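Written out below as structure tokens is the structure these notes cover.
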Amino acid sequence: MDSSKWFVTLPGQVPAQRRLFCFPFAGGGASFYRSWRSLIPDDIEIVLVCLPGREQRFGEPLIDTIDGMVAAIHAAIGPLTDKPYAFFGYSMGAIISHHLACKMVAEAREGECGPEHLFLAARRSPDIAMKRAPLHGLSSDQFWQEIAKYGGTPSEILENQEYRDLFEAPLRADFKLSETAYSGDLAKLSCPITVFGGDMDTSPVPGDLDGWQKATTGGFAKHVYAGGHFFITDHQDGVIGTVAEAFGG
């Protein structure tokens, strides 16, 4: 597996002591996390996870199942696990990073270990079923109406038919992956889990984050910020500060 297309590394000013892998939300790209480089300690290398169907991988075959996505990333990530590492996943990225962490622990290759910390944002815990109706099978108009409610899609896309046609297939595939993923049978991790949510988010509501404590035998912390599903837009510094402190060595 060619790992180069799956990951972009953003080194700091000193040799990396740890790596933070950042997984995007549905429809999002790796570039969302580029601004983190200037806000994270220099000895933490940021690794952007580049999923097929977006940005530099636009046009590649889409992956719309959690098993397929995790298997592909798992096959590519090995060379970057030679240092202590953690995962940060937002919404769909949270479910991918959780499943991947469990797979890496269960199928650890020689010299490998699982992540030292899991940071998960805007995703309900594995013991809670999805409360809203699935979106990935809706008609195009209905699909985009529901996407608009999340508040994270630029108006330039929502109001332009050409852009919607361009981005609909990758976004629909992401929602299918997220909505059909089942996590109830995953083994507990032993690393700490820190979760983040918005107090006005409806999917998940803040209480839906509590069950993540049962997904690990390690420590657990929960942080709720003012805002909806994309609360990070207004609270990036707070989220990054928490991540840096918890994973800072």
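Numbers here simply count residues along the sequence, with the first being 1. Keep in mind that what you see is a predicted model, and the values were worked out from it rather than measured. Heavy atoms only: backbone and side chains are in, while hydrogens, waters and symmetry mates are out.
Side-chain atoms of Arg124 and Val205, non-hydrogen and from C-beta on, never get closer than 4.5 Å to each other. Considering only heavy atoms from C-beta on, Glu55 comes within 4.5 Å of Ser31 through its side chain. In this structure the side chain of Asp174 never reaches within 4.5 angstrom of the side chain of His136, judged on heavy atoms. Glu116 has its side chain out of reach of Cys191: every pair of non-hydrogen atoms, C-beta onward, lies at least 4.5 Å apart. In this structure, the side chains of Glu60 and Lys5 come closer than 4.5 Å at one or more pairs of heavy atoms. Two residues are said to be in side-chain contact when any heavy atoms from C-beta on lie closer than 4.5 Å; Leu189 and Thr217 fail this criterion. Using a 4.5 Å heavy-atom cutoff, the side chains of Trp6 and Leu80 are not in contact. Residues Pro204 and Ile128 form no side-chain contact, since every pair of their non-hydrogen atoms from C-beta on lies 4.5 Å or further apart.
Side-chain heavy atoms closer than 4.5 Å link hydrophobic residues (I, L, V, M, F, W, Y) into clusters, and following such links, possibly through other members, connects Phe25 to Tyr225. Linking Ile, Leu, Val, Met, Phe, Trp and Tyr whenever their side-chain heavy atoms come within less than 4.5 Å leaves Tyr182 and Phe175 in two separate clusters. No single ILVMFWY cluster, assembled from side-chain heavy atoms under 4.5 Å apart, contains both Phe196 and Val224. Hydrophobic clustering, with ILVMFWY side chains joined whenever heavy atoms are under 4.5 angstrom apart, groups Phe220 together with Leu120. Using a 4.5 Å cut-off between side-chain heavy atoms of Ile, Leu, Val, Met, Phe, Trp and Tyr, with links allowed through other members, Val105 and Trp212 fall into the same hydrophobic cluster.
Using cut-offs of 30° and 60° for the angle between ring planes, the Phe167 and Tyr163 rings count as tilted.
One distance of note links CD1 of Ile232 with CZ of Phe32; it measures 4.5 Å at 0.5 Å rounding. Atom-to-atom distance recorded for Ile193:CD1 and Gln213:CD is 9.5 Å, nearest 0.5 angstrom. Taken to the nearest 0.5 Å, the CD1 atom of Ile73 stands 6.0 Å off from the CG atom of Leu100. Rounding to the nearest 0.5 Å places CG of Leu186 at 11.0 Å from NZ of Lys103. Going from atom CZ of Arg19 over to atom OG1 of Thr81 covers 8.5 Å, rounded to the nearest 0.5 Å. Here Leu10 contributes atom CG and Ser35 contributes atom OG; the two are 10.0 Å apart, rounded to the nearest 0.5 Å.
Between Gly53 and Leu62, the closest heavy-atom pair is CA-CD2, 3.6 Å. Of all heavy-atom pairs between Asp42 and Arg37, the closest is CA-NH2, 3.7 Å. Nearest heavy-atom pair across Leu51 and Pro24 is CD1-CG, 3.8 Å. Looking at every heavy atom in both residues, Ile46 comes nearest to Cys22 through CG2-SG, 4.1 Å. For the residue pair Pro206 and Lys222, the shortest heavy atom distance occurs at O-NZ, 3.0 Å. Here the closest non-hydrogen pair linking Ile40 and Ala244 is CD1-CB, 4.4 Å.
By the 6.0 Å and 45° rule, Arg172 stacks over the aromatic ring of Phe143.
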- Task: Report the C-alpha separation of Tyr85 and Val47 in whole Å, then their side-chain angles, then the decisive distance to 0.1 Å, and conclude whether the side chain to side chain contact (heavy atoms under 4.5 Å, CB included) test is met.
- Result: CA-CA 10 Å; Tyr85 64 94; Val47 182; over 6 Å; no
- Message: Go through it in stages, so that I can follow the logic: the residues are Asp127 and Ser125, the test is side chain to side chain donor-acceptor pair (under 3.5 Å), and I'd like the CA-CA distance, side-chain angles, deciding distance and then a yes or no.
- Response: CA-CA 6 Å; Asp127 59 330; Ser125 60; 2.4 Å; yes
- Item | Intermediate values then yes/no, side chain to side chain contact (heavy atoms under 4.5 Å, CB included), Thr65 and Thr180 | CA-CA 7 Å; Thr65 66; Thr180 59; 5.6 Å; no
- Task: Report the C-alpha separation of Phe21 and Phe88 in whole Å, then their side-chain angles, then the decisive distance to 0.1 Å, and conclude whether the ring-ring contact (aromatic ring centres under 6.0 Å, His included) test is met.
- Result: CA-CA 6 Å; Phe21 291 84; Phe88 180 95; over 10 Å; no
- Using the side chain to side chain contact (heavy atoms under 4.5 Å, CB included) rule, take Ile96 and Met92 through it: C-alpha gap first, then chi angles, then the decisive distance, then the call. CA-CA 6 Å; Ile96 293 173; Met92 179 191 71; 4.0 Å; yes
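A distance below 6.0 Å separates the ring centres of Phe87 and Phe23. Taking the six-membered ring where the residue is Trp, the centroids of Phe231 and His229 are separated by 6.0 Å or more. The aromatic ring centroids of His117 and Phe247 lie 6.0 Å or more from each other.
Between the side chains of His99 and Ser183, a donor-acceptor pair is found at a separation under 3.5 Å. No hydrogens or angles considered: nothing links the side chains of Thr242 and Glu245 as a donor-acceptor pair under 3.5 Å. A donor-acceptor contact under 3.5 angstrom links the side chains of Gln161 and Asp165, judged on distance only.
Side-chain N or O atoms of Thr216 include none that pairs as donor or acceptor with a backbone N or O of Lys188 at under 3.5 Å.
Note on Asp208 versus Arg123: no salt bridge recorded, every NZ/NE/NH1/NH2 to OD/OE distance being 4.0 Å or above.
Paired with Asp43 under the rule side chain to side chain donor-acceptor pair (under 3.5 Å), one option of Arg18, Gln13, Gln17 passes, and it is Arg18.
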